[in-house]
Amino acid sequence: MHRHLADDLSRLPDLLRSAQDFAARELAGLAARPVARLDGAPGPAPLPADGTGAEGALARFADRWAPGFSASAGPRYLGFVTGGATPASVTGDWLTSAYDQNGSGAAGSWAAALEHETVRWLRELFGLGEEHTGAFVTGATVSNTVGLAIGREWLGERRGVDVSHAGAAALGPVHVLSGTPHSSVAKALSVLGIGRDRLREVPVLPGGREAVDVAALDAALSALDGRPAIVVANAGTVNTVDFDDLRAIAALRERHDFWLHVDAAFGGFAALSPAHAHLVDGLDAADSVCVDLHKWLNVPYDAAVQFSRRRDLQTRVFHNASPYLGLPTGEPDFLHLTPENSRRLRALPAWFSLTAYGRDGHREIVERNVALAARCGAGIAATNGLRLLAPVRLNVVCFTLSEDPTPERVAALARSVAASGEAFLTPTVFGGVPGLRAAFSNWRTTDADVDRVLAALAAAPTG
């Protein structure tokens, strides 16, 4: 055994304590460190020949790389839709690495059973019925891909084609309809061989809405003359967190034949709040559902879940036929349900957080973030030089400069705020106008953080 390996093994408890102490210091200083680093990273170093041992590696990381890591787990990182990591989920994540279970199957470990329990809890959390089964994946992109892959197989079933064997080309042109699809949907269609160009954007409601016009969707489906299609509905759009009328869309299946996939990456968490649960009314009618967990569940990257009503079609797509794995029977192993064979036990951090804080704890995070977004939106509307681009419907504030909001000037505002170290915002375009988004989904964020964000925006040059 290499001498550093042998030495590290003999000193493993001390090494883990060193890592624990370092992590604790980093987390304790999270609110004080710059939210983002815009300066250049160190240049590449040569690969060590003999190595430094784990203690030396930790010291080198602390000196060379740690200062440049963003505070993306902190309370004022408002870019994209980024959650943090609750204390319990960090604990579960550390144990995930320590146990190093391959969650692909049930043989020889209880890990798969824990994932099944966690999926059932999440299904209940989002108001889905027992007919929905699920599995953990890396993120919303893969979750959307899995749901659309099952939808593709469903189209084959309708047309008498076994797509998993014959290939997507055997389907011919596929019709995918959506109002304001996330970019990952087009990416999924590319991966699945359906093609990005097969995604047709249906008109949305007037008045600055992103929700699909159900009457327009009805007309688009009628124009297909009975040909089956895939409809991608949104439970929370990225710019304004608008929600399609899921119940009304599902009712269209009385007249039209389509697979209903719902992208509820972060908007699905509205189900936790009695004041906002009506936004996801009808989610249980979906054939497949995407929910991202490293967003509003506040578990470490990467973690998402996918749900589907048609596990039979799911295993037809993703089963791995091999003499040493066997064909899926009964309760199929997870390797037969998603693109991955080898897979990290992503369920354990979620299990820890759900066990530690329960439904009520996670509801409090959602409701607090919604209140903070409203507070931030009101502050931006009252700030000279800024204006809202859309109402604050849930947890995202979409805004821009009051005058001449060119891409260059909006980007300069974002850079100025990031350079202050106070906050990080990401750009967007809404209604043809360049703007910025502030997305609230971190369990640490408070009123005081919103005040600091507003102060940074007010201090940034807008001229």
Side-chain angles (χ1 to χ4, degrees), residues 101-107 109 111-116 118-120 122-123 128 131-171 174 176 184-195 228 230 232 259-265 286-293 302-347 350:
Q101 303 287 284
N102 181 354
S104 63
S109 172
L114 182 141
E115 180 166 342
H116 282 298
T118 310
V119 168
R120 285 195 297 272
L122 292 166
R123 182 179 66 194
L128 300 175
E131 66 275 14
H132 284 98
T133 59
F136 274 72
V137 291
T138 57
T141 298
V142 176
S143 184
N144 279 328
T145 301
V146 171
L148 293 170
I150 305 169
R152 184 188 64 180
E153 199 69 17
W154 174 86
L155 285 175
E157 184 179 67
R158 284 294 193 268
R159 298 182 184 183
V161 175
D162 186 342
V163 179
S164 71
H165 284 89
L171 277 176
V174 171
V176 184
S184 63
V185 172
K187 183 175 183 176
L189 295 177
S190 175
V191 169
L192 294 171
I194 293 173
I230 294 175
V232 179
W259 177 270
L260 177 56
H261 175 76
V262 177
D263 183 351
D287 296 302
S288 54
V289 178
C290 156
V291 184
D292 215 341
L293 302 180
D302 50 28
V305 68
Q306 59 78 214
F307 297 99
S308 173
R309 290 176 178 271
R310 293 295 304 271
R311 176 157 281 188
D312 59 326
L313 297 181
Q314 187 169 356
T315 55
R316 188 189 298 176
V317 176
F318 293 107
H319 76 271
N320 195 339
S322 166
Y324 65 90
L325 295 174
L327 291 173
T329 57
E331 184 71 60
D333 284 338
F334 287 113
L335 68 92
H336 297 301
L337 300 177
T338 70
E340 298 169 308
N341 274 14
S342 302
R343 56 201 303 275
R344 196 169 189 266
L345 185 58
R346 298 183 184 93

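Note that the coordinates shown come from a computational prediction; the quantities given were computed from them, not determined experimentally. The analysis underlying the following values was restricted to heavy atoms, covering all of them including side chains, and did not include hydrogens, waters or symmetry mates.
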For Ala168 and Gly193, which heavy atoms make the closest approach, and how far apart are they? CB-O, 3.9 Å

Sequence-distant partners of Arg310, side-chain hydrogen bond (donor to acceptor under 3.5 Å, both in side chains), two or more places apart: Glu157, Asp312

Close side-chain approach of Trp154 and Pro228, heavy atoms under 4.5 Å: yes

Is there a side-chain contact between Leu155 and Val163 in this structure, where contact means two heavy atoms from C-beta onward sitting under 4.5 Å apart? no

What heavy-atom pair brings Ala350 and Thr118 nearest, and what distance separates the two atoms? CB-CG2, 4.0 Å

Suppose we screen for salt bridge (charged side-chain N to carboxylate O under 4.0 Å, His left out). Which residues come up paired with Arg158, at least two apart in sequence or across chains? Asp257

My understanding is that only residues two or more places apart in sequence, or in another chain, count here; which of them pass ring pair (Phe, Tyr, Trp, His ring centres under 6.0 Å) with Phe334? His116

Shortest non-hydrogen pair, Asp292 vs Ala303, comes out as OD1-O, 3.1 Å

What's the separation between atom NE2 in His336 and atom OG in Ser104, rounded to the nearest 0.5 Å? 9.0 Å

Listed by chain and number, what are the side-chain hydrogen bond (donor to acceptor under 3.5 Å, both in side chains) partners of Arg123, not counting sequence neighbours? none

Contact summary for Leu337 and Phe318, nearest pair of heavy atoms: O-CD1, 3.4 Å

On a heavy-atom basis, the closest approach of Val289 and Ala264 is CG1-CB, 4.4 Å

Ala113: side chain to side chain contact (heavy atoms under 4.5 Å, CB included) partners, not counting sequence neighbours: none

Using the rule given for side chain to side chain contact (heavy atoms under 4.5 Å, CB included), can you reason through Val119 versus Phe136, listing the C-alpha separation, both sets of side-chain angles and the distance that settles it, and then say yes or no? CA-CA 8 Å; Val119 168; Phe136 274 72; 3.9 Å; yes

If you measure from CH2 on Trp259 to OG on Ser308, what distance do you get to the nearest 0.5 Å? 4.0 Å

Would you give the length of the straight line joining atom CD1 of Ile230 to atom CG of Asp287, rounded to the nearest 0.5 angstrom? 10.0 Å

Answer yes or no: is there a side-chain heavy-atom contact under 4.5 Å between Leu293 and Leu122? yes

Which residue pairs pass the side-chain hydrogen bond (donor to acceptor under 3.5 Å, both in side chains) test with at least one member in residues 132-142, sequence neighbours excluded? Thr133-Arg311

So the salt bridge (Lys or Arg N to Asp or Glu O under 4.0 Å) pairs with at least one residue in residues 159-168 (sequence neighbours excluded) are none

With sequence neighbours excluded, give me every salt bridge (Lys or Arg N to Asp or Glu O under 4.0 Å) pair touching residues 141-156. Glu153-Arg316

Tell me yes or no: between the side chains of Asn144 and His261, is some donor less than 3.5 Å from an acceptor? yes

How far does CD1 of Ile194 sit from CG of Leu171, to the nearest 0.5 angstrom? 7.5 Å

Can you tell me how far the OG atom of Ser288 sits from the CG atom of Leu260, to the nearest 0.5 Å? 7.5 Å

Quick one: list whatever passes side chain to side chain contact (heavy atoms under 4.5 Å, CB included) with Ala188, sequence neighbours left out. Thr145, Leu148

Holding to side chain to side chain contact (heavy atoms under 4.5 Å, CB included), I want the full list of residues that pass it with Thr338, two or more places apart in sequence or in another chain. Ala135, Val137, Glu340, Arg343

With sequence neighbours excluded, tell me which residues meet salt bridge (charged side-chain N to carboxylate O under 4.0 Å, His left out) with Asp263. none

Shortest non-hydrogen contact from Asp333 to Gly105? CG-CA, 3.5 Å

Quick one: list whatever passes side-chain hydrogen bond (donor to acceptor under 3.5 Å, both in side chains) with Ser109, sequence neighbours left out. Gln101

